[in-house]
2 protein chains.
Amino acid sequence: MTQPALFPRKAPRQSRSAATVSAILEAAAHILDQRGLEGYNTNAVAARAGVSIGSLYQYFPGKDALTVTLIRRDHEALLAALAAAVERTRGARLAEGLAALARVAVDHQLDRPRLARLLDIEEDRLPISRDSHATIAAIAAQVETFLEQHLAPPDREHLTVTAADLLAIARGIIDTAAQGPIPDRHVLARRVRWALAGYLEQMNGSSPGAGRGVQPRP
Amino acid sequence: MTQPALFPRKAPRQSRSAATVSAILEAAAHILDQRGLEGYNTNAVAARAGVSIGSLYQYFPGKDALTVTLIRRDHEALLAALAAAVERTRGARLAEGLAALARVAVDHQLDRPRLARLLDIEEDRLPISRDSHATIAAIAAQVETFLEQHLAPPDREHLTVTAADLLAIARGIIDTAAQGPIPDRHVLARRVRWALAGYLEQMNGSSPGAGRGVQPRP
DNA sequence: ACCTGAACACCGTTCAAGT
DNA sequence: ACCTGAACACCGTTCAAGT
């Protein structure tokens, strides 16, 4: 019943082993992107990385731990892009800020669409580990910071739920759109912006008690 | 490279074999709901259904075909509930209708939350087969019908995209919320309603050329 | 027409032997 | 400290033999 750990087994201590870990991760991303989940197996990853299967298991306790590391790296890239956008639009109007966030989310997903989609699928399937949770929380915190900058201070509880919903809405639209033929970034970003702005506006107007505090800054 | 078919191999012709198929599907749903994807394997399904593994493969060409059948049944239940709600709210105001749709979506997901979530995960992973596509299209068509009833006629192209986005938004919020502790249905439905109404309102207001036609009925 | 279950294949993982 | 690859275990799938 004890399931295998989902974090790297140990950190590499010598430069050659650091290279091994890098090669394994790069091979894993490449195979996922090129061959999909069907062709994604540990033997193929080890072969492409040019190491033996034993070496892979020296650094990763299992296939899922490898996948989780790819997911965390992907999240960290999104976090960096998001933080930059939040910083950049600090003085801007809400609509402009939301447009920037929508663009970041769309660009992130469409950079390597297949890999991004498969990592999302695996993320849904896998339990969230400790440090994955930290990165996800940091992403949500960026959205909360953005809301604090562009809205009058509502109560904390709502800020958290609101940030989570905005992220879920963006992900829902982008993931669904990305299942079909590659969509136009600009059009897709506009649809995401509509959804985000609309949610905020509705929340503001619909719930007299709860939403009162969420007002655009003067 | 030719991947196995994802539809049932053949229809049962005798009553005992119909019972076999039913037992297999029921066992599959039960195991998914109780043991998760980890415990979901064809040997366990056959054992719980009380049939040999060979019988399972007589009716389903593979594990994924079994899963796809569960997904299609789930979609058909959603379609029926959605069609009833669309019919029921035909004369109602837009806000009331959206609230009804949000409730249908939330109730459907929270009926058997774990099973619903795992089927969603598998649905993302699996290619959409012919008749799965038909059911999904029928669900989207219900949303389009709803929009036609409650909004002034916009152009067709936009109706399709709008319906798809509304579904994606609802799914994004509900799936994400359902990952954590079981959320309150009423609160969750309200968040979904906000998101749906907000998207429609934004689309209406933000895009002078494209959105002009989407106006609430007088 | 339907059912059975041993056998096979593939792939995740381990471990004894190396450098 | 790191690497190797044969061996093992689990599970999806097939197929020859039944009723």
Side-chain angles (χ1 to χ4, degrees), chain A residues 1-25 27-28 31-32 35-70 118 122 125-127, chain B residues 1-25 27-28 31-32 35-70 118 122 125-127:
Chain A
M1 268 298 137
T2 44
Q3 48 204 350
L6 292 181
F7 47 86
R9 201 187 284 279
K10 65 178 180 185
R13 308 223 167 168
Q14 297 180 2
S15 61
R16 66 168 165 164
S17 58
T20 298
V21 170
S22 286
I24 292 169
L25 287 169
I31 288 176
L32 260 180
R35 307 186 211 168
L37 287 170
E38 292 247 345
Y40 178 55
N41 66 65
T42 52
N43 290 290
V45 169
R48 178 168 171 93
V51 302
S52 81
I53 185 64
S55 286
L56 190 156
Y57 280 89
Q58 193 171 13
Y59 295 102
F60 300 95
K63 184 185 181 182
D64 287 343
L66 181 54
T67 313
V68 162
T69 301
L70 291 179
L118 295 178
E122 288 296 271
R125 186 178 64 79
L126 296 167
Chain B
M1 270 296 135
T2 43
Q3 48 204 352
L6 292 181
F7 47 87
R9 199 187 286 279
K10 66 179 178 184
R13 309 224 166 166
Q14 297 179 2
S15 61
R16 65 168 166 165
S17 57
T20 298
V21 170
S22 286
I24 291 169
L25 287 169
I31 288 176
L32 260 180
R35 306 186 211 168
L37 286 170
E38 292 247 343
Y40 178 53
N41 66 67
T42 53
N43 290 289
V45 170
R48 181 173 169 90
V51 301
S52 81
I53 185 65
S55 287
L56 191 155
Y57 279 89
Q58 192 172 11
Y59 295 103
F60 300 95
K63 184 185 182 182
D64 287 344
L66 181 53
T67 313
V68 162
T69 300
L70 291 179
L118 295 178
E122 287 297 271
R125 187 179 63 79
L126 296 166

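So you know, we letter chains A, B, ... as the sequences are listed, proteins then strands, and number each from 1.
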Handout entry: Contact list for DNA chain C against residues 41-51 of chain A - heavy-atom distance below 4.0 Å
Key = A:N41, A:T42, A:N43

Practice task
For A:A27, check side chain to side chain contact (heavy atoms under 4.5 Å, CB included) against everything at least two apart and list the hits.
Solution key: A:V45, A:R48, A:A49

Exercise for the section: Quick one: which residue pairs count as a salt bridge (Lys or Arg N to Asp or Glu O under 4.0 Å) with a foot in residues 53-67 of chain B, not counting sequence neighbours? Expected result: B:D64-B:R125

Exercise for the section: Ignoring backbone atoms, test whether A:T20 places a side-chain nitrogen or oxygen under 4.0 Å from the OP1 or OP2 oxygen of D:dC2. Expected result: no

Problem - C:dT4 phosphate, OP1 or OP2, under 4.0 Å from B:S55 side-chain N/O - result: yes

To the nearest angstrom, how far is [X] atom [atom1] from [N] atom [atom2]?
{"X": "B:I53", "N": "D:dC11", "atom1": "CD1", "atom2": "P", "result": "12 Å"}
{"X": "A:I31", "N": "C:dC11", "atom1": "CD1", "atom2": "P", "result": "12 Å"}
{"X": "B:L56", "N": "C:dG5", "atom1": "CG", "atom2": "C1'", "result": "14 Å"}
{"X": "B:K63", "N": "D:dC10", "atom1": "NZ", "atom2": "P", "result": "16 Å"}
{"X": "B:E38", "N": "C:dG12", "atom1": "CD", "atom2": "P", "result": "14 Å"}
{"X": "A:Y59", "N": "D:dT4", "atom1": "OH", "atom2": "C1'", "result": "13 Å"}

Fill in the blank from the handout: The correct list of stems in which DNA chain C takes part (3 or more consecutive Watson-Crick or G-U pairs, distances under 3.5 Å) is C:4-8 with D:12-16, C:12-16 with D:4-8

List, with names and distances, any nitrogen or oxygen atoms from the protein found under 3.5 Å away from nitrogen or oxygen atoms belonging to nucleotides 15-19 of chain C.
none

Rounded distance [0.5 Å steps], [atom1] in [X] versus [atom2] in [Y]:
{"X": "B:T69", "Y": "B:L66", "atom1": "OG1", "atom2": "CG", "answer": "6.5 Å"}
{"X": "A:L118", "Y": "A:I31", "atom1": "CG", "atom2": "CD1", "answer": "12.5 Å"}
{"X": "A:F60", "Y": "A:L25", "atom1": "CZ", "atom2": "CG", "answer": "4.0 Å"}
{"X": "A:I24", "Y": "A:L70", "atom1": "CD1", "atom2": "CG", "answer": "11.0 Å"}

Problem - Shortest non-hydrogen contact from A:G39 toward A:A44 - result: O-CB, 4.0 Å

Handout entry: Closest heavy-atom pair and its distance - A:P127, A:L6
Key = CG-CD1, 3.6 Å

Handout entry: side chain to side chain donor-acceptor pair (under 3.5 Å) partners of B:T20, counting only residues at least two apart
Key = none

Problem - Listed nucleotide nearest any side-chain atom of B:Q58, set D:dT4, D:dC2, C:dC3 - result: C:dC3

Exercise for the section: Could you tell me whether B:F60 contacts a base, only the sugar-phosphate backbone, or nothing, with contacts defined as non-hydrogen atoms closer than 4.0 Å? Expected result: nothing

